[in-house]
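Computed over heavy atoms, backbone and side chain alike; hydrogens, waters and symmetry mates excluded.
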Amino acid sequence: MEPLRPSDPPRIGGCRLLGRLGEGSTGLVYLARSVGGTPLALKVLHRPRRPYRGPVVHHPCLVRVVGGGTDENGTWVAYPYEPGPALPPAVAAHGPLPRRSVRALGGMLADALGALHTAGLTHGGLHPGKILLAADGPRLTDTAGPVVRGDEASDIFALGQVLVYAATGRTPYDDPADLADVPRSLLEVLQACLDPDPVLRPVARELSEELGGHQGEGWLPPALTAEIAARAQHPPAGEEHTPGPPGEPRARHPERGRYSRGYDAVGSGLVGPAAPRPGPAGPAASGTAAAGGGHTAAEPATGTPTRRGLIAIAAAGLVVAGGTAFGAWMVRRAKGTAGAPGAAGSRWTIGLHVDLSGPQARYGRGQYHGITMALEELNEHGNLPFQLELAVHDDVGDPPSAARAAAELAADPAVLMVIGPTGDAVADSAATVYQDAGLPVLSLSVGHLTHRADYPVLLHGRPGTGTTGLAIPGCLAAGEHPPARIGLVDDRTADTHSWLITRAVSGAVDRTRVALVPRVLPAGTEDFAPVTAELLAEGVDAVVYGGLPDGAARLARALRAAGWSGTAIAGEAAMDPLFLSDAGQAAEGWRFVAGHTDPASDTRAGGFAPVHRRRFGEDPEPYAAEGYDAARMVVIAMQRTLEEGESLNRANVLRRLRTLTYNGVARPLAFDRAGDYAGTGPAAYQYEVEAGRFRFLGPAPAPTTGSDE
């Protein structure tokens, strides 16, 4: 919330104004108090199309209008305070709603729309940001403004989009809508709502009956119900709070319900009922840039930043800093003013420390794209109380460059959190810098750190290499022909990675059913024919390889040349396009376990891949979905920090992250006391080479024994 300006009146309609909540396309919204002390959201309309005539339709799910009129300040409308969160931040924090909640949401909103339609009115602007969640049902806001008579089918279309969003967590304004992971019991009714022919869409009464109508208490999952109860215990008091109905889109397609980037900032409880006050403006942070735009100093602190001046990153290339090999890709804002450290409404930076031009560049690009998608989405639709920026540093996979990149990010006080680095080879050198600076870092693709215990600031966003290795025996046992003798090849060229994989397999194999034939290759081994001959002489029917892609390719060619037809499987370090090109036809049938999913094939990843393709013109690379999840989780931690009345700083964000569980697109994210991965997601994912490509097979079987590192 912004303080009142000298040009603002002290009162409107007898209500005392406390601050500015935001200004949208239809009006300026103030936090106000009535004469009796009731907190209100009071909107002064910019261009009223008709004079205010008071409430027309009454329904428990329609936010009622408690006052309005026209005076020297213009036409105004007042709404009561609603403590519950709006639908978008609720889905962002808790994940898509369960099926029963979506049905209840749809039934109650359809009943509310039916009341409007019976009165000859339509809402005309329904979208997720218009919906507040309460313990006894949703609240549909902004029903007192100009309405369109007779266009009931567009309301039903918009409601279908809202329910797609509630069920999947995806922005639903695609044409046609992506319904890939909509629960089967909801699929038919949502398809009917979104039918291109308005005549074929159900009417509100039919939809309410189909979905269950008004269901009242207990319709939300327990975590959301508890959050709403907590908010209700802390009503707004004075200028520190941000009540009011949520905002509206800046523009709406007359039929399809599409919206331009950004919502107006009049959200109720989106940041929490006790968000800290905005601080004074401070100096802009150097070396950073905004992802997807944000508020200028004159824009509301509680609303969603609008998209301004987004530069196309893919065409911009790498910005080299100081003539060195590492630098930063940046998405730049057109204008903006930084806020004071720790203040709501200020500008904060998330650092991305990745390999964009070295040996693991595809992992780095994947994380960059996923994080960019998340921050653009949050800046545009998240009703954030702060401005988000992204600073991306390329360490080219080189430890000294990684240390320098970490030092640059650590020296910027606006950087609250870093996601990265990309590879094991640079992890320790970067983590040392971050630990010394007290800068939290969330690693997504790092499988192992040599001195893990020395880095309390580091959070591990995936199971470690050892844990993924534990899944290999289960993958082999679940195959069509479970092996009886497994050759275990520890290639010391891959150093720690190979040792972790082979040690994990050795510890997880059921020795009463399977015999192991271990072999250790000295670092630098290029001729794999001798070890292949030894394995075949031992009668192995499966081979586990712990090394890198070039070594895996040599082993694949040697096994093929020897006429062997068993199962070969390797770890993530070997799963690289280099293996496919070097091994050729010998690569066919090889299997891999990896720490990342394939959102283009993983049904649980929903519509992530189509959105990624539209945004970047290509399929997601490894760790894109994981990057998307990590960025959203970091932002939720920032929001929760403010909700708890704490200042935004590195220590508070790290502490909040340690307590969160985030149900992501890729896998659930959570951390144990040491900061290691503690989510309930798969320990690893399986892939198989088919027709020269890595084909996603799904989650690997859960390991039954062993530990991570």
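The environment of Arg695 atom CZ is dense: over 12 non-hydrogen atoms of other residues, nucleotides or ligands sit within 6.0 angstrom. Summarising the local packing, CD of Gln191 is surrounded by more than 12 heavy atoms from other residues, nucleotides or ligands at distances under 6.0 Å. Annotation: Arg613, atom CZ; neighbour count of heavy atoms from other residues, nucleotides and ligands within 6.0 Å is above 12.
Under the ring-ring contact (aromatic ring centres under 6.0 Å, His included) criterion, Tyr662 pairs with no residue, sequence neighbours left out. Scanning for salt bridge (charged side-chain N to carboxylate O under 4.0 Å, His left out) contacts around Asp672 gives an empty result, with sequence neighbours left out. The salt bridge (charged side-chain N to carboxylate O under 4.0 Å, His left out) search around Asp398 returns none, not counting sequence neighbours. The salt bridge (charged side-chain N to carboxylate O under 4.0 Å, His left out) check on Glu588 picks up nothing, with sequence neighbours excluded. Evaluation of the ring-ring contact (aromatic ring centres under 6.0 Å, His included) rule for Phe528 yields no partner, not counting sequence neighbours. Residues that satisfy the side chain to side chain contact (heavy atoms under 4.5 Å, CB included) test with Ala403, not counting sequence neighbours, are Val433. Under the ring-ring contact (aromatic ring centres under 6.0 Å, His included) criterion, His596 pairs with Tyr363, Tyr623, Tyr687, sequence neighbours left out. Every residue meeting the side chain to side chain contact (heavy atoms under 4.5 Å, CB included) condition with Ala374, not counting sequence neighbours, appears here in chain and number order: Tyr628, Ala631, Arg632. Under the side chain to side chain donor-acceptor pair (under 3.5 Å) criterion, Thr493 pairs with Asp491, sequence neighbours left out. Applying the side chain to side chain donor-acceptor pair (under 3.5 Å) test to Thr603 and every residue at least two apart in sequence or in another chain returns nothing. Residues satisfying the side chain to side chain donor-acceptor pair (under 3.5 Å) criterion with Thr532, sequence neighbours excluded, are absent altogether. Qualifying side chain to side chain donor-acceptor pair (under 3.5 Å) partners for Asp602, counting only residues two or more places apart in sequence or in other chains: Thr597, Arg604.
For the residue pair Ser498 and Arg503, no side-chain donor N or O sits within less than 3.5 Å of a side-chain acceptor on the partner. Judged purely by distance below 3.5 Å, without hydrogens or angles, the side chains of His353 and Asp395 pair a donor atom with an acceptor atom. Between Arg404 and Ser401, the side chains place a donor N or O and an acceptor N or O closer than 3.5 Å (distance only, hydrogens not considered).
When side chains are defined from C-beta on, Trp564 does not count as touching Asp541, because their heavy atoms never get closer than 4.5 Å. Using a 4.5 Å cut-off on side-chain heavy atoms (C-beta onward), Thr465 and Glu572 make no contact. Two residues are said to be in side-chain contact when any heavy atoms from C-beta on lie closer than 4.5 Å; Gln435 and Asp454 fail this criterion.
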Discussion item. Run Ser445 and Gln360 through side-chain hydrogen bond (donor to acceptor under 3.5 Å, both in side chains) and show every step you take.
Written reply: CA-CA 10 Å; Ser445 50; Gln360 292 191 310; 5.6 Å; no

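At least one donor-acceptor pair under 3.5 Å links the side chain of Arg557 to the backbone N or O of Asp582. Within the 3.5 Å criterion, the main-chain N or O of Val446 finds no donor-acceptor partner in the side chain of Asp424. Remark: the backbone N or O of Ala666 is paired with a side-chain donor or acceptor of Asp629 at under 3.5 angstrom. Under the 3.5 Å distance criterion, the side-chain polar atoms of Asn663 are left unmatched by any main-chain donor or acceptor of Pro668.
Of the options Val509, Leu535, Val540, Val505, a side-chain contact (heavy atoms from CB on, under 4.5 Å) to Leu488 is made by Val505 and by none of the others.
Between Phe592 and Tyr685, the gap from one ring centroid to the other reaches at least 6.0 Å. For His448 and His497, the distance between ring centers is not under 6.0 angstrom.
Using a cut-off of 4.0 Å between Lys/Arg side-chain N and Asp/Glu carboxylate O, Glu534 and Arg519 are scored as salt-bridged. Checked for salt-bridge contact, Asp576 and Arg362 meet the test: a charged N lies under 4.0 Å from a carboxylate O. Salt bridge status for Arg615 with Glu377: absent, with no side-chain N to carboxylate O gap under 4.0 Å. Of the charged side-chain nitrogens involved, none lies within less than 4.0 Å of a carboxylate oxygen, so that Glu688 and Arg591 do not count as a salt-bridged pair.
Looking at every heavy atom in both residues, Leu476 comes nearest to Pro483 through O-CD, 3.6 Å.
A distance of 9.5 Å separates CZ in Arg492 from CG in Leu521, rounded to the nearest 0.5 Å.
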